[in-house]
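Here the structure comes first, spelled out in structure tokens, and everything after it is commentary.
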Amino acid sequence: MVYAKNGEFPELAKHVEYAQNTKNLPGKHGTRRYLTRLTNKEKITGNRRKACPSSLERPPGKQCDEYPMASTWQGADTGGGNFSRRMIDDTERGRRPSPEPLLPV
């Protein structure tokens, strides 16, 4: 999946770029630090709850976005707590395309 800062999902693209380049999180194109798919629904929910708890204030028109995604083993909880979260435009987050398949574990 490719996001461009001048494309349809600019806030999402900026968040992914920040997470990969500034926080050195996995998943960056051209590296061997892959994201791996997680299918256990309880673990996915745990990742989401840790990254974007319901107690976290969301400004009007914004939603919490986490990286790495909750559906990866590198997510906020299963990945050991090294993650990024950012409030992004809720219309972007709701329209984002389904991710391409990740490498199975």
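For the single chain, residues carry numbers from 1 onward in sequence order.
Looking at heavy atoms from C-beta onward, Glu66 lies out of side-chain contact with Ser84 at the 4.5 angstrom threshold. Side-chain contact check for Tyr67 versus Gln20: some heavy-atom pair is nearer than 4.5 Å. You'll find the side chain of Thr31 stays beyond 4.5 Å of the side chain of Pro26, heavy atoms only. Annotation: side chain of Thr72 is not in contact with side chain of Thr36 (no heavy-atom distance under 4.5 Å). A 4.5 Å side-chain heavy-atom check between Ser54 and Arg49 finds every atom pair outside the cut-off. In this structure, Asn24 and Arg33 have side chains that are in contact, with non-hydrogen atoms separated by less than 4.5 Å.
Among all heavy-atom pairs drawn from Ala51 and Phe83, the shortest one is CA-CE1, 3.6 Å. Closest heavy-atom contact between Asn21 and Lys28: OD1-NZ, 2.7 Å. Shortest non-hydrogen contact noted between Gly7 and Pro10 is O-CD, 3.4 Å.
No more than 12 heavy-atom neighbours from other residues, nucleotides or ligands sit within 6.0 angstrom of NZ on Lys43.
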| task | Please test Arg58 against Leu56 for side chain to side chain contact (heavy atoms under 4.5 Å, CB included), starting from the C-alpha separation and ending with a verdict. | result | CA-CA 6 Å; Arg58 287 149 172 86; Leu56 193 64; 3.7 Å; yes
| task | Would you please test Thr39 and Arg37 for side chain to side chain contact (heavy atoms under 4.5 Å, CB included) and show each step? | result | CA-CA 7 Å; Thr39 58; Arg37 184 150 189 97; 4.2 Å; yes
| message | Between Arg48 and Cys64, does the side chain to side chain contact (heavy atoms under 4.5 Å, CB included) criterion hold? Intermediate values first, please. | response | CA-CA 10 Å; Arg48 281 202 180 100; Cys64 184; over 6 Å; no
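Atom NE2 of His15 and atom CD of Glu92 lie 12.0 Å apart (nearest 0.5 Å). A distance of 9.5 Å separates CG in Asp65 from CE in Met87, rounded to the nearest 0.5 Å.
Every residue two or more places apart in sequence or in another chain that forms a salt bridge (charged side-chain N to carboxylate O under 4.0 Å, His left out) with Lys62 is listed here: Glu11. Judged as a salt bridge (charged side-chain N to carboxylate O under 4.0 Å, His left out), and not counting sequence neighbours, the contacts of Lys5 are Glu17.
Partner of Asn47 under the side chain to side chain donor-acceptor pair (under 3.5 Å) criterion, chosen from Thr78, Asn40, Asp77: Thr78.
Hydrophobic cluster membership is shared by Met69 and Ile88, with clusters built from Ile, Leu, Val, Met, Phe, Trp and Tyr side chains linked at under 4.5 angstrom. Follow the hydrophobic side-chain contacts under 4.5 Å out from Leu35 and you reach Leu25 in the same cluster.
Both the sub-6.0 Å distance and the 45° axial angle are satisfied by Arg86 relative to the ring of Tyr18.
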